[in-house]
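Below, chains carry the letters A, B, ... as their sequence lines are ordered, and counting in each starts from 1.
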Protein chains: 2
Amino acid sequence: MRATLGLIEESGLDQVTVRDAAERVGVSSGAPFRHFEDRAALMAAVAEEVQGRCRAEIDAELRRIRGDDPVERFRAMGVAYLRWALRNPTHFEITVTPRLYEFEETVALTRIRQEIAAQARGFLEEAQRRGMLRNIDLRVAFYAGRALVYGLARLAIDGHLSRWGVAKISLEVLDSFMAGYLHWKPGRRRKRQRK
Amino acid sequence: MRATLGLIEESGLDQVTVRDAAERVGVSSGAPFRHFEDRAALMAAVAEEVQGRCRAEIDAELRRIRGDDPVERFRAMGVAYLRWALRNPTHFEITVTPRLYEFEETVALTRIRQEIAAQARGFLEEAQRRGMLRNIDLRVAFYAGRALVYGLARLAIDGHLSRWGVAKISLEVLDSFMAGYLHWKPGRRRKRQRK
DNA sequence: ACCTGAACACCGTTCAAGT
DNA sequence: ACCTGAACACCGTTCAAGT
């Protein structure tokens, strides 16, 4: 798995070969199939590992937030997810690309992903309960946010944007969405002076 | 090309094989390479054809609009693009997936795509000139709309949504974005208020 | 318990030879 | 001008045989 992940990072998802991974570990071409049913299973295992890291980065970002503004937390999840995806394009790709393995068969991976989605949605629901959102269909709003972040990551990773400044403008777009669509105003608490 | 496109529609992008396509045309496995430099070139050619159809659907949708509301036109482009992508997932996929061929080398394809983007952006600019938009950074707003539509299509096509009702809710999200983010009101055709 | 290494089916791709 | 069909390199995958 480590070898596979290394190869993916170095050469991209499309170039990686079970044989190469085996060779990197110094083992024969058939050996991996004693540990993984097939190539898809290997990919799924790597994807799960990597999705776990994504989860960890989101958690880290959430931990940095003081106060209890659920919309701020919602935003933080988007920021962390987006940053993670842009910094680790191949990692993002392996977790979301269906051709590599069957989503339905990777229970753990799917669970992590659903937890992340549920958590983000939970923040939005809490915000609504507290009357912090404009009058809005929550299902639609959540979907919009999700599509926006996913689209930003995908546009960059699919190579539809000039490589420079993508991260910066992506975060700008996210904040523009937070302000313009959700009507969220950042509290003064999170302003930290920096020099 | 026709055979390739047929196979893609039937079995998906990942299953299609130059050999299969050749067989379908009743020709030997090496024959296609007399017409296309390699598999990538064949894919690029199919992608170009398909991107042209997308363009045509957008044009058709634009033609149905009366009046001259540029924001309505902007929306129509999004609607047409989204509908096209959701109805022809494999077509969408082949036009946007970088692993299949080099974007840089498919000049015609890239041009169509850029024209579409430029046209959409043009509508937004016109709207801004006419004072139909709230105070907004156009670059960011356009990027947001693009990411949203792309994200909606991608989420569905990558299989991250339950298959049912995807089209409906996607269009809801788009309209929610038009109203909630751009502050666009569908309004009557011959409205002209401007204060 | 784990690996080897030959084998198989399948691909993309090439190319001398055919029509 | 276009195609054939054998060949090559490369894959994923299997499996009898080894340690």
**Q** Is it true that B:Arg83 and B:Glu61 have a side-chain N and a carboxylate O under 4.0 angstrom from each other?
**A**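 A salt bridge is present here (some side-chain N lies under 4.0 Å from a carboxylate O).
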**Q** Which dot-bracket notation, 5' to 3', represents the base pairing of DNA chain D when pairs are defined as Watson-Crick or G-U with both distances under 3.5 Å, crossing pairs as [ ], and inter-strand pairs as |?
**A** ||.|||||...|||||.||
**Q** Taking the six-membered ring of A:Tyr181 (Phe, Tyr or Trp), confirm whether the NZ or CZ of A:Arg134 is under 6.0 Å from its centre and within 45° of its axis.
**A** yes
**Q** Can you tell me if CZ on A:Arg53 sees more than 12 non-hydrogen neighbours from other groups inside 6.0 Å?
**A**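 More than 12 within 6.0 Å, yes.
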**Q** In this structure, how many angstroms lie between the C1' atom of C:dT13 and the CE atom of B:Met43, rounded?
**A**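 Value for this atom pair: 15 Å.
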**Q** I'd like to compare against my own output: the B/S/- annotation of nucleotides 14-19 of chain D with a strict under-4.0 Å heavy-atom distance to protein.
**A** B-----
**Q** Above 12 or not: heavy atoms from other molecules or residues under 6.0 Å from CD of A:Glu37?
**A**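 12 or below, so no.
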**Q** Assess whether salt bridge (charged side-chain N to carboxylate O under 4.0 Å, His left out) is satisfied between B:Arg24 and B:Glu10, documenting all intermediate values.
**A** CA-CA 13 Å; B:Arg24 176 165 290 209; B:Glu10 290 164 28; 2.9 Å; yes
**Q** For B:Gln15 and C:dC10, give me the distance from atom CD to atom C1', rounded to whole Å.
**A**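 These atoms are roughly 13 Å apart.
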**Q** Take A:Arg19 and A:Glu23 through the test salt bridge (charged side-chain N to carboxylate O under 4.0 Å, His left out) and record every step on the way to the result.
**A** CA-CA 6 Å; A:Arg19 287 175 117 103; A:Glu23 190 188 12; over 6 Å; no
**Q** Could you state the CZ-C1' distance from A:Phe36 to D:dC11, rounded to the nearest angstrom?
**A**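 In whole Å, D:dC11 C1' lies 18 Å from A:Phe36 CZ.
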**Q** Compare side-chain N and O positions of A:His35 against OP1 and OP2 of C:dA1 and report whether any pair is under 4.0 Å apart.
**A**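 Answer no for this pair, as no side-chain N or O of A:His35 is under 4.0 Å from OP1 or OP2.
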**Q** Can you pull out the residues from residues 16-28 of chain B that lie within a 4.0 Å heavy-atom distance of DNA chain C?
**A** B:Thr17, B:Val18, B:Arg19
**Q** Return the value, rounded to whole Å, for the distance between atom CG of B:Leu13 and atom C1' of C:dC11.
**A** 16 Å
**Q** A:Asp158 side chain to A:His160 main-chain N or O, any donor-acceptor pair under 3.5 Å?
**A** no
**Q** Any ion pair linking A:Glu172 and A:Lys168 (charged N to carboxylate O, less than 4.0 Å)?
**A**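 Looking at A:Lys168 and A:Glu172, the cut-off is met.
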**Q** Output yes when a side-chain donor or acceptor of B:Gln128 lies under 3.5 Å from a complementary backbone atom of B:Ile136, and no otherwise.
**A**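 Such a contact is found between B:Gln128 side chain and B:Ile136 backbone.
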**Q** Ion pair present between A:Arg111 and A:Glu115, side-chain N to carboxylate O less than 4.0 angstrom?
**A**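 Looking at A:Arg111 and A:Glu115, the cut-off is met.
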**Q** Under a 4.0 Å threshold between the charged nitrogen and the carboxylate oxygen, would A:Asp59 count as salt-bridged to A:Arg55?
**A**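 Yes, A:Arg55 and A:Asp59 are salt-bridged.
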